[in-house]
Student: 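What follows is a single structure, and I will ask about it in a moment.
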Amino acid sequence: MFDFDIETHAPQWLHGRAAITAGHGDRLRALAGRTLTRAWLLWDVEEDAWFADAPVLLDFGGEQIEIQHQKFDDIALSWNTLAPRGSAHWPGFDLRWRHDAVPELASLQGQALQDIELLEWRGDDAAQGMVAVAFVFRQGRVTVFNALDENGLSFTAPERDYERHPLR
């Protein structure tokens with residue numbers, strides 16, 4: 001796993017809902033009521049596509065959470081360590097941070113966060129126990145999930161194989 005040549009980016013990988021709640025639950029809960037000011041994705045300029053190996057950055061008025069998945073069930077949450085300006089380094093790619101590349105994500109900017117959910121995958125497959133993080137707004141939601149060794153984004157209600165754990 002590359003660190004994008006950013007000194008401040010040092011993901012700490014966690015496994016399971018208990019570890020995420022213990023390490024980040026209070027800080028995640030504190031985001032409720034805050035406005036999503038920017039949602040940043042690293043973009044592959046040549047392919048004109050989201051570079052899903054990089055962290056997803058959600059900035060709630062100066063409190064930025066950075067979410068990254070790897071392998072089947074690893075998740076790293078970090079806070080205020082990445083400045084989404086200019087490029088990032090990954091061998092062989094021209095990468096730039098963008099806040100407007102995915103319309104569904106951009107449409108959530110300017111809305112207050114209503115709830116945060118940890119979604120635990122209960123399917124009978126290799127991803128069992130994987131945890132996704134969902135951010136619920138009045139007019140929409142985004143879930144950052146493990147898409148088998150990279151991030152995935154969903155803008156719909158969780159699949160039935162997820163067990164929902166609201167952080168209230």
Side-chain angles (χ1 to χ4, degrees), residues 1-4 6 8-14 17 19-44 49-70 73-88 90 95-121 130-147 149-159 162 164-168:
M1 179 61 58
F2 289 94
D3 63 5
F4 305 98
I6 302 169
T8 58
H9 183 61
Q12 301 296 308
W13 299 104
L14 301 171
R17 184 174 58 91
I20 296 165
T21 302
H24 299 279
D26 289 342
R27 206 159 178 187
L28 285 166
R29 276 186 214 77
L31 293 175
R34 295 184 73 140
T35 299
L36 178 65
T37 53
R38 284 284 185 258
W40 296 95
L41 300 175
L42 203 53
W43 204 254
D44 181 333
W50 175 36
F51 190 75
D53 286 304
V56 174
L57 282 53
L58 302 176
D59 186 344
F60 291 91
E63 182 75 319
Q64 178 177 275
I65 183 168
E66 302 140 0
I67 306 164
Q68 187 173 3
H69 289 92
Q70 71 173 6
D73 64 349
D74 288 358
I75 184 171
L77 302 179
S78 54
W79 299 86
N80 305 310
T81 67
L82 296 170
R85 301 197 184 19
S87 63
W90 189 285
L95 303 173
R96 302 278 184 263
W97 290 104
R98 289 189 55 188
H99 65 85
D100 60 352
V102 176
E104 298 93 340
L105 188 56
S107 73
L108 300 173
Q109 295 174 159
Q111 293 190 52
L113 182 65
Q114 292 188 324
D115 200 4
I116 302 99
E117 299 174 335
L118 297 182
L119 305 174
E120 194 169 8
W121 184 254
M130 178 275 297
V131 178
V133 184
F135 299 85
V136 183
F137 301 87
R138 184 164 186 233
Q139 294 179 333
R141 66 184 295 131
V142 60
T143 300
V144 184
F145 65 92
N146 189 318
D149 202 33
E150 65 182 12
N151 293 306
L153 295 175
S154 173
F155 301 97
T156 61
E159 296 178 34
Y162 276 115
R164 297 167 85 156
H165 302 276
L167 291 178
R168 291 191 182 106

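As the structure is a prediction and not an experimental result, all values here were calculated from the model.
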Student: Let me see the working for Met130 and Tyr162 under side-chain contact (heavy atoms from CB on, under 4.5 Å), right down to the final yes or no.
Tutor: CA-CA 9 Å; Met130 178 275 297; Tyr162 276 115; 3.4 Å; yes

Student: Please report the closest heavy-atom contact between Leu105 and Ala39, naming both atoms and the distance.
Tutor: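 Nearest heavy atoms, Leu105 then Ala39: CG-CB, 3.5 Å.
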
Student: Verify the distance criterion only: is there a donor paired with an acceptor across the side chains of Asn151 and Gln68 at less than 3.5 Å?
Tutor: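 No pair is found: no donor N or O on one side chain lies under 3.5 Å from an acceptor on the other.
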
Student: Between Ile116 and Val136, does a side-chain contact (heavy atoms from CB on, under 4.5 Å) hold up when you go through it step by step?
Tutor: CA-CA 6 Å; Ile116 302 99; Val136 183; over 6 Å; no

Student: Enter the distance from Ile65:CD1 to Asn80:CG here, rounded to the nearest 0.5 Å.
Tutor: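 Rounded to the nearest 0.5 Å, the CD1-CG separation comes to 10.0 Å.
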
Student: In Å and rounded to the nearest 0.5 Å, what is the CZ to CG distance from Arg34 to Asp59?
Tutor: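 Between Arg34 CZ and Asp59 CG, I get 8.5 Å after rounding to 0.5 Å.
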
Student: Output the distance between atom CG (Leu167) and atom CG (Leu31), rounded to the nearest 0.5 Å.
Tutor: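 If we round to the nearest 0.5 Å, Leu167:CG and Leu31:CG are 10.0 Å apart.
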
Student: Going through the checks in order, is the side-chain contact (heavy atoms from CB on, under 4.5 Å) test met by Trp40 and Glu66?
Tutor: CA-CA 9 Å; Trp40 296 95; Glu66 302 140 0; over 6 Å; no

Student: For the residue pair Ala134 and Thr143, what are the closest heavy atoms and their distance?
Tutor: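 Heavy-atom minimum between the residues: CB-OG1, 3.4 Å.
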
Student: Could you tell me the separation between the CG atom of Leu82 and the CG atom of Leu57, rounded to the nearest 0.5 Å?
Tutor: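 Result: 5.0 Å between the selected atoms.
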
Student: Between Pro11 and Ala76, what is the shortest heavy-atom contact and its length?
Tutor: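 Taking every non-hydrogen atom into account, CB-CB, 3.6 Å.
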
Student: Any side-chain heavy atom of Thr21 within less than 4.5 Å of one from Arg29?
Tutor: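 Side-chain contact under 4.5 Å: yes.
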
Student: Taking C-beta and beyond as the side chain, do Val133 and Leu118 meet within less than 4.5 Å on heavy atoms?
Tutor: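 The answer is yes, as the side chains (C-beta and beyond) meet within the 4.5 Å cut-off.
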
Student: Would Leu77 and Arg27 satisfy side-chain contact (heavy atoms from CB on, under 4.5 Å), going step by step from the backbone distance to the final call?
Tutor: CA-CA 11 Å; Leu77 302 179; Arg27 206 159 178 187; over 6 Å; no

Student: Answer yes or no: is there a donor N or O on one side and an acceptor on the other, between the side chain of His69 and the main chain of Val131, under 3.5 Å?
Tutor: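 Present.
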
Student: State, with a plain yes or no, whether a side-chain heavy atom of Glu150 is found less than 4.5 Å away from one of Phe51.
Tutor: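 The answer is no, as the side chains (C-beta and beyond) never meet within the 4.5 Å cut-off.
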
Student: Do the side chains of Trp43 and Trp50 get nearer than 4.5 Å, heavy atoms only?
Tutor: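 Result yes, sub-4.5 Å side-chain heavy-atom pair found.
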
Student: Are any side-chain N or O atoms of Glu120 and backbone N or O atoms of Arg17, one a donor and one an acceptor, separated by less than 3.5 Å?
Tutor: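 Judged by distance alone, no pair lies under 3.5 Å.
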
Student: Quick one, Leu113 and Leu36 - any side-chain contact, counting heavy atoms below 4.5 Å?
Tutor: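 No. Closest side-chain heavy atoms not under 4.5 Å.
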
Student: Please find the pair of heavy atoms, one from Thr37 and one from Gly61, that lie closest to each other, and give the distance.
Tutor: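 The pair with the smallest heavy-atom distance is OG1-N, 3.4 Å.
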
Student: Any side-chain heavy atom of His99 sitting closer than 4.5 Å to one from Pro84?
Tutor: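 SC-SC contact between His99 and Pro84 ruled out.
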
Student: Can you tell me how far CG of Asp74 sits from CG of Asp149, rounded to the nearest 0.5 angstrom?
Tutor: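 Here the interatomic distance stands at 8.5 Å.
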
Student: Please name the pair of heavy atoms, one in Ala19 and one in Leu14, separated by the smallest distance, quoted to 0.1 Å.
Tutor: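 Scanning both residues completely, I find the closest heavy atoms to be O-CD1, 4.1 Å.
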
Student: Can you label the angle between the Phe60 ring and the Phe137 ring as parallel, tilted or perpendicular, going by 30° and 60°?
Tutor: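 Correct class here is parallel.
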
Student: When rounded to the nearest 0.5 angstrom, what distance separates CD in Gln111 from CZ in Arg141?
Tutor: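 One finds 12.5 Å between CD of Gln111 and CZ of Arg141.
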
